[in-house]
Amino acid sequence: MAATTDDIDYSDIEAKYHVQYDDSFDNLLVVDGIPVIDKSKLEKLLAKICKEFSRKGISIKPDDIHMPWDDTTGKSQGFIFVEFKNVDDANLALAAMHNHPFDAKHQFKVNRFTDIERYEQLDETYVEPEVEEYTPREHLRAWLADPQGRDQYVTYRGEDVEIHWHGKPSQSELAMKPDWKDFLYVAWSPLGTCIATLHRQGVRLWGGSSWKPQQRFAHPLVKLIDFSPCEQYLVTWSNEPIVVPEGAPQGPQYLSPDDEGNNIAVWDIKSGDLLRTFPSHADDTAAKKQMQWPALKWSPDDKFVARVTPGQMISVHELPSMYLHGKKSLKIEGVVDFEWCPQGDKDREDAEKDAQAASSGSGASAKAVKKARENMLVYWTPEVANQPARVTLLGFPSRAILRQKNLFNVTECKLYWQNQGDFLCVKVDRHTKTKKSIFCNLEIFRVREKDYPVEVLELKDTVTDFSWEPKGERFAIVSSSDPNLGNPGPGITIKTDVSFYQLEHGNGKNDFKLLRTLSSRTSNAIRWSPRGRHVVLATVGSSSKSELEFWDLDFNMDDAGRREGQVSKDEWGSGIQLLGTADHYALTDVEWDPSGRYLATSASSWTHTLENGYAIWDFRGQEITKQIQDRFKQFIWRPRPRTLLTKEQQRQVRKNLREYSRAFDEDDAAEESNVSAELIALRKRLVDEWNAWRARSKAEFLGEGHKTGKGTDSRSSEKEEIEVWIDEVIDQVEEEVLE
Amino acid sequence: MRPILLQGHERSLTQIKFNAEGDLLFSCSKDHVINVWYSHNGERLGTYDGNNGSVWTVDIDSESRFLVSGAADNTLRLWNVATGKCLYTWEFPTAVKRVAFNEDDTKVVCITEQRMGHKCAVRVFDINREGEGTDQSEEPAYFFNPIGSKATVCAFTLMPNVIITGHESGKVALFNYKTGEEIESNERAHSDVVTDLQLSKDRTYCVTSSKDKIARIHDIKSLMVIKTYTTETPLNSAALAPTRPYVLLGGGQEAMHVTTTSLRQGKFETRFWHKVYEEEVGRVKGHFGPINTIAVHPAGTCYASGGEDGFVRVHHFDDSYFKAQPYGVVEIDD
């Protein structure tokens with residue numbers, strides 16, 4: 001037996017379990033800056049060094065350290081070799097212990113053993129680094145230079161993304177069909193500079209005229225993203241807490257082990273660097289309520305970002321450091337929600353002037369210019385114990401309370417800023433004493449006026465949607481007293497009323513007054529044109545109703561003569577006019593193009609699978625195009641940045657509008673004739689091709705077809721008419737006549 | 001003109017056919033009955049009783065003397081059109097899905113279903129037109145199993161010994177029925193089941209419809225796609241309108257999904273497409289379920305559609321249909 005066991009060949013098992021000894025020097029570090037000592041202190045020093053290392057989390061033993069000696073003096077040479085278990089530990093020690101102060105006089109200088117050799121052989125002569133040739137990057141706003149001034153939109157259908165130009169029918173064409181793969185959805189940045197796709201690995205930004213990748217942010221399993229208003233930063237969110245696997249690449253652009261367990265990440269878009277991560281603190285409330293998104297709210301100038309910890313505080317972080325502003329949060333007991341005040345065009349100008357003055361450095365000129373309005377935010381707190389509910393307007397960073405309003409019997413508040421930051425509407429859902437019925441108050445803050453006057457509109461019905469006219473002094477609400485409200489069922493369409501209100505000037509009193517109420521509609525969505533004036537009422541998310549109503553609120557106002565305050569001269573509310581109605585079955589999304597000329601409606605397969613697709617309408621409700629496409633998911637207009645024209649230039653354009661429009665009219669006319677000519681030519685070609693093919697195939701079959709005997713056409717070609725007389729005896733009765 | 005509603009079936013229609021003169025309309029349905037109607041007034045002339053299963057298909061010879069039908073009771077039957085008598089019955093192991101006469105009425109091709117271990121088979125029978133018609137040979141003249149995807153529709157072509165078939169995979173192919181050899185095929189004609197195949201009057205081209213929502217005109221010799229009509233609903237039938245340059249398409253949501261979709265969503269309309277320009281020109285509403293089959297009068301004066309709802313609707317075209325020139329005056333060959 002024993003003899004046979006010897007014969008067994010173990011080599012395969014030995015090979016399998018052969019331990020790989022690491023015989024490279026990669027796990028060896030050279031630590032410089034060690035105190036020079038004599039042998040008597042050796043043990044003590046080694047123990048101290050080991051302790052220093054282990055404080056940083058790297059455990060070494062005195063045995064791992066080799067200290068070379070100068071035999072002539074009997075003293076150490078001031079450096080040591082440390083051997084680590086593996087390369088990873090060595091790398092960690094290198095990062096942690098380099099420049100580590102050992103004591104007042106000594107500082108560790110850590111190098112890899114393998115590097116020392118390399119440094120020795122380093123060429124000391126200075127070589128001029130080669131200047132990399134400048135390669136111009138594509139202009140990210142190239143699409144704005146389109147000679148026809150067209151807008152773009154992106155569609156996402158099935159697995160395909162398409163970017164289209166939208167203009168006159170002849171100019172509407174495919175701009176790009178990128179081959180982006182495996183992503184959740186697409187999103188434009190708020191100024192339209194680039195487009196983001198959400199992949200498993202993270203977010204990718206694409207831009208420029210060739211749609212090359214611009215930047216990427218490695219947040220695995222990202223589900224939601226949010227851009228800052230000036231496109232400087234990006235917030236990403238994933239429902240999976242961040243896990244940094246071992247051996248993951250490290251650097252400013254990557255998540256580090258410190259970020260583990262967090263859900264939200266903030267990134268710098270230009271550099272791609274990760275700025276900070278946050279946990280999704282909604283853990284306790286998530287079950288009850290849907291998560292709020294965006295979770296982080298940006299101030300309009302990108303200077304601050306704030307997030308609310310419900311019931312406790314609002315934390316404001318400064319950019320780009322992402323440190324907590326003033327090192328403490330705003331502690332507000334019970335706080336539910338807040339909103340930043342948007343920056344109006346005027347505020348932006350003031351801010352720019354401020355910045356200019358500050359950069360020129362002269363204090364005198366800075367004072368001369370009107371100081372730009374401070375950032376503002378508004379938050380509300382519900383009724384707690386004996387305290388009433390409260391809406392507070394707060395200046396930031398001064399943290400001064402500008403205005404506070406107490407409210408009673410509050411169920412819920414919603415905060416709506418007008419986009420210029422002129423007005424703030426707080427929609428307050430109030431309940432009666434018995435808490436049985438709910439009604440609605442609109443508390444409107446006039447933010448530009450002294451002392452921030454508040455006006456209250458009491459409504460009997462529940463308000464389901466509220467929307468300010470952009471840059472305007474009007475708003476629209478959808479209200480409903482339908483008993484089915486709140487318990488949606490299949491086939492139930494809620495009856496609603498839509499009302500328009502406008503600020504009335506004069507009489508020393510400014511008040512919001514009802515312009516008009518459109519009763520018994522089904523509309524549940526208000527979409528103002530981004531230029532104001534036009535508004536679309538839509539019935540979204542209903543399986544039986546899908547109406548679109550296109551309204552003009554300044555119908556009797558000549559565009560050229562449009563001036564402030566003219567409305568009051570006309571009869572109140574007379575300018576409201578229905579321009580058209582349309583229907584897009586089962587629509588889910590309604591969106592104006594950035595110019596306010598066109599409206600896009602889409603039915604996304606994310607919501608249902610009935611007649612998915614999109615349609616584009618003009619502002620009068622005329623259908624321009626309709627595409628019914630299977631598995632259609634997304635339609636988004638590409639946003640445009642603010643105009644680059646100065647106020648003076650804009651005025652010039654408005655003044656000379658007639659001349660401009662003449663040129664455009666000519667273009668249109670020329671094109672129309674062109675298009676019809678083209679179409680006729682195309683049809684003629686199609687007919688010619690068809691006839692030629694028919695002739696050819698007939699000739700081919702002529703012989704064969706008639707060989708088989710009865711040709712089908714020979715018989716049917718002649719119609720014969722046969723006249724047949726039919727005599728039918730229906731009844732024969734023989735009667736005997738008696739005389 | 002007001003459409004004529006033919007209410008003679010209790011279950012969904014499977015196929016309808018005009019005879020060569022167009023005065024008679026034959027309809028078959030899942031309720032085991034074949035009906036014959038006067039096309040001009042919708043009066044029922046009679047029925048052909050005897051099938052013990054859904055009748056999937058009928059065809060009529062050019063003299064309106066014989067009728068063949070294929071049914072789910074695994075039989076192919078030959079009927080006397082005038083008397084309604086069943087003249088002969090062939091039995092197969094599986095259901096008969098499609099039958100067709102050749103152009104001189106001497107042959108009948110039939111496709112049997114692929115089921116219970118039996119392969120899809122194509123059989124060609126010689127029809128003995130002498131005497132009563134009861135004396136038929138039991139055995140098919142030719143028999144073969146098409147390889148690959150099963151055939152769903154077929155028709156005789158003008159080429160000797162060649163039939164054209166549409167397949168479950170979307171393939172359209174030409175077979176020599178004597179040898180069973182595939183002469184020509186277009187694998188990518190459709191991407192889903194071919195649901196119907198109808199020949200032009202002179203049998204030189206054909207129109208196919210498919211569940212992939214597309215109908216196509218093919219050259220019958222090369223199988224080249226000549227025209228494509230893309231709709232947004234699965235198609236069950238496509239027919240060519242003689243004298244006018246239109247094709248008629250019918251379909252709708254799958255029968256099994258109908259209960260979950262609204263009438264509007266179902267798109268149960270007959271669509272008229274311009275044959276050459278590939279543009280939709282109009283729709284005719286009326287059915288409460290998907291349209292299963294469409295047939296056009298040989299003279300092009302009316303058309304009939306049969307639906308999943310069990311009704312046949314016969315529409316006689318108004319004068320305006322023949323006079324209207326929506327694209328201007330153009331000479332288009334039929």
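Below, each value reflects all heavy atoms present in this structure, side chains not excepted, and no hydrogens, waters or symmetry copies. Order of the sequence lines sets the chain letters (A, B, ...), proteins ahead of strands, with each chain counted from 1.
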Please indicate whether [X] has more than 12 foreign heavy atoms, meaning atoms of other residues, nucleotides or ligands, lying under 6.0 Å from its [atom1].
X	atom1	value
B/Asn41	CG	yes
B/Glu130	CD	no
B/Tyr38	OH	no
B/Arg283	CZ	yes

Legend entry - Check: B/Lys213 and A/Asp630 side chains under 4.5 Å, non-hydrogen atoms: yes
Legend entry - Which of B/His274, B/Glu232, B/Lys227 touches chain A most, by non-hydrogen pairs under 4.5 Å: B/Lys227
Inset, instruction - With chain B as the partner chain, list the residues of residues 679-688 of chain A whose heavy atoms fall under 4.5 Å from it, by residue number, and write 'none' if nothing qualifies. - result: A/Arg683, A/Leu686, A/Val687
Legend entry - Of B/Ile220, B/Asp202, B/Ile226, B/Thr204, the residue whose pairing with A/Ser697 passes side chain to side chain contact (heavy atoms under 4.5 Å, CB included): B/Thr204
Legend entry - Under 4.5 Å from any heavy atom of chain A - which part of B/Glu278: neither
Legend entry - Aromatic contact, A/Trp690 with B/Tyr277 (centres under 6.0 Å): no
Legend entry - Spatial distance of atom NZ (A/Lys698) from atom OG (B/Ser200) [nearest 0.5 Å]: 9.0 Å
